[in-house]
Amino acid sequence: MTFKINKYILSLDYKTARRDQKVIEFTFQEQQALRLFFESKDGFVSSEVLESLIWGNKVVTNNSLRKLISGLRIKFEDKSSFKNVRGKGYKATFELEQTLVNKKTSNQLIYIACLFIAIFIAIFYLQTRAKKVELPKTSTQTIFNSNEYILDYATYGDSMFVTTTSKSSSKIYEVKNRLNKVIKSEDLYAVFRGIEIHSSGKTILHVIENSKCKIKIYKQPVKDLIDEIPCNRRNAYPSFDWIDDNSFYITLNLSNNASIQPYTYDLKGKALESVPNINFKDKNGYKFIDTFIKEYKGGLFSLRQNSQDHMSLMYFKGNKQQTLYDFRYKPYSFALLEDSLFFVGNNNELLEFNLEGESDFEELTPKPVLTTQAVKIDNLLSLNNQIYFTLGNAQKEVIHNLAGNSIYNFENTTLDFNYVNNTLYILGMTNTGYVIEKIKNKVHSSPAYFDSSLSLREIGIFNNEIYLAGDSGIYKFENNKVIKISGLKTIRIASNNKCMIAETSSGIYEYMHKERDFSKVDENGDRVFATNEECLFVNKLSGDIVNSQREFVAKPTKNKMLFEHQGEIYHWYIVDDQTYIENIKTGKYLAKINKRVLYKKVISFENEILYLGTDNFNSSIVKLSIN
């Protein structure tokens, strides 16, 4: 089901809208506002709900919401689509695009033909123009989210170790398969800081202990202390880079008045020495800070800051000092992966220097990897031959239980989820396609990513096999590939591993496993859902809940969405900014959720009930894949 405003048809993820050949894009806040309008029963959302769910706990001005609504009016070219209800909120006027599916008029055919011709001409024109710099194909995966601030992170084996801080506490997490385990904790600010782990497991950890700066070295990640180096308290965040399993580079200032520059430390001899044969003295005689160092072909890359608060990405080798990039802000890291150097540019974009075959870096031109991001990129690292970075202050979609605890979150859009055979199946959208993940007994399986331009939004499980559905049809997911089994454009599907039915604009269809196809059950059905025993829907003529044999099961008391929990059938529906769960027989409320459920999805999960909502995170660690 898609939505339409002033003839603009919105994409499923609400990131864009199209009318004829014109495409408009929406900011993250605008996307959240559109979701809230579409999920309300009459298009009205109060100002309080809009502000709290779009901006969370952030302080916003009185004009922020007005500016956001004004921006939507301008983009949709229609002031009447978003009306101000004085003193209360805003009401959006929109259409459901599914009502237009069967109107195959000659005008539409002409429009489609013209559209294809226009697209062909546009492609031909773009191909024949002088080519601009093209971005590589990338995808991202969130590894870790936190309401605390991420200070540093490193990997060892299949685990990631993350240091975080809040205003009153500090933690070290071990993250494995997206499960977060606190292994150290202190009730003080920023106790655990930088961390660097060698492939042997030896670990460098920067800590503040008894108000003193210390560099601790462990035999294994944060276990078995083998050495300790005192450091100057003013040097708040030293940088490390392992040379081998017994020595490493470290940035220090040996006295308060000295510059912070790289040294080497030998674990066997316990010796701190200047880096041999490299000149780090500033050409202008300033006291300077060299931070975040990485060795490369006998030299060192470094972020350098001098007393004038000027920050540069530099390369030092022998007496040669080369500036590769000047910053308008203070970056904290970069990533060196083989012969590629990745860093965040002045416009919060991700850039790359290709160093292969270069002996002089002064003439290098950076290539864009990611365009300017709305959320701040930071802490760029190369770990296990992958690029990682952190994102700050992001709102994400999260699967919650009734207590409001987070069960699962994904970096982009969570489209659908289903609980079958003690396994939670999740379909998410990435920036290049989709991801499928399974969680069983709190253990996450390896997510299955696949690039695709198909329009999919539902996940079903039948006979222990995964099926995906949406406007593009119904597909079986097998060996990381999608295999089309039906051209039905589905509104939603319901399944319990023993049955699977699809709701479309032309009726209800049941999957026949032997025929590998769907057979029509009822042309007057909607609101499909699954129980433990069978797949059900509502016959719109009788108003009854029936099974795929059209046998009477129950009589709903409201024209609302349905699901089963512990053998009972419940309605769930939204009133203003709250979601109600009500027993269809007794009319008693099982629960009231003080937020709106996203994407029309509530399911039974063990002894719990899961729904999709949003959460704010101070910081997240993201893995970047570049194809």
Nearest 0.5 Å, what's the [atom1]-[atom2] distance between [X] and [Y]?
| X | Y | atom1 | atom2 | result |
| --- | --- | --- | --- | --- |
| I250 | E196 | CD1 | CD | 11.0 Å |
| T165 | Y149 | OG1 | OH | 10.0 Å |
| S185 | F192 | OG | CZ | 7.0 Å |
| D241 | L300 | CG | CG | 7.5 Å |
| E174 | I172 | CD | CD1 | 11.0 Å |
| R35 | L10 | CZ | CG | 11.0 Å |

Donor-acceptor pair between [X] and [Y] side chains, under 3.5 angstrom:
| X | Y | answer |
| --- | --- | --- |
| D326 | S312 | yes |
| K320 | N279 | no |
| D290 | S302 | yes |
| D378 | T390 | no |
| E437 | H444 | yes |
| D227 | Y265 | yes |
| S146 | E148 | yes |

Looking only at heavy atoms, which two atoms of [X] and [Y] are closest? And how far apart?
| X | Y | result |
| --- | --- | --- |
| P136 | I626 | CB-CG2, 3.8 Å |
| N480 | A448 | OD1-CB, 3.6 Å |
| F288 | Y286 | CD2-O, 3.2 Å |
| T251 | S239 | OG1-N, 2.8 Å |
| Y218 | K223 | CB-O, 3.1 Å |
| Y189 | S166 | CD1-O, 3.1 Å |

State whether the side chain of [X] and the backbone N or O of [Y] hold a donor-acceptor pair below 3.5 Å, judged by distance alone.
| X | Y | answer |
| --- | --- | --- |
| Y153 | N379 | yes |
| S333 | L381 | no |
| N346 | R328 | yes |
| D245 | H198 | no |
| D152 | I195 | yes |
| Q29 | T27 | no |
| S382 | I387 | no |
| Q141 | Y449 | no |
| T203 | G201 | yes |
| T414 | G428 | no |

Test of understanding: with ring-ring contact (aromatic ring centres under 6.0 Å, His included), list the residues that count as partners of [X], not counting sequence neighbours.
| X | result |
| --- | --- |
| Y90 | none |
| Y173 | F144 |
| F334 | F292 |

Check [Y] with [X], please: is the shortest side-chain N to carboxylate O separation under 4.0 Å?
| X | Y | result |
| --- | --- | --- |
| K214 | E228 | yes |
| R304 | D282 | yes |
| E186 | K171 | no |
| D158 | K176 | yes |

- Message: Determine whether the aromatic ring centres of residues F316 and F280 are separated by less than 6.0 angstrom.
- Response: yes

Quick check: are there more than 12 heavy atoms from other residues, nucleotides or ligands sitting under 6.0 Å from [atom1] of [X]?
| X | atom1 | result |
| --- | --- | --- |
| K297 | NZ | yes |
| N277 | CG | no |
| K438 | NZ | no |

Does a side-chain heavy-atom distance below 4.5 Å link [X] with [Y]?
| X | Y | answer |
| --- | --- | --- |
| T323 | L313 | no |
| L624 | L370 | yes |
| I293 | F301 | no |
| L303 | P331 | yes |
| L337 | N385 | yes |
| I426 | I436 | no |
| M311 | T291 | yes |
| Y315 | L324 | yes |

So [X] and [Y], would you call those rings parallel, tilted or perpendicular, with 30° and 60° as cut-offs?
| X | Y | value |
| --- | --- | --- |
| H206 | F240 | perpendicular |
| F361 | Y296 | tilted |
| F76 | F82 | tilted |

| task | I would like to know whether E352 and S340 meet side chain to side chain donor-acceptor pair (under 3.5 Å); could you show each step before the answer? | result | CA-CA 7 Å; E352 175 192 2; S340 291; 2.8 Å; yes

**Study point:** From CA spacing to verdict: side chain to side chain donor-acceptor pair (under 3.5 Å), D266, S247
**Key:** CA-CA 4 Å; D266 180 71; S247 60; 5.1 Å; no

Contacts of K22 meeting salt bridge (Lys or Arg N to Asp or Glu O under 4.0 Å) (sequence neighbours excluded), chain-then-number -> E77

Residue set satisfying side chain to side chain contact (heavy atoms under 4.5 Å, CB included) with S452, at least two apart, ordered chain then number -> Y434, F450, L454

> Run the side chain to side chain donor-acceptor pair (under 3.5 Å) check on K287 and N257 step by step: do they pass?
Replying inline: CA-CA 8 Å; K287 186 174 70 174; N257 296 322; 5.3 Å; no

So ring pair (Phe, Tyr, Trp, His ring centres under 6.0 Å) across residues 339-358, not counting sequence neighbours, yields Y325-F343, F343-F353

| query | Would K75 and E25 count as a salt bridge (charged side-chain N to carboxylate O under 4.0 Å, His left out) if you check the C-alpha gap in whole Å, the side-chain angles of each, and the deciding distance to 0.1 Å? | reply | CA-CA 8 Å; K75 288 184 178 181; E25 297 181 350; over 6 Å; no

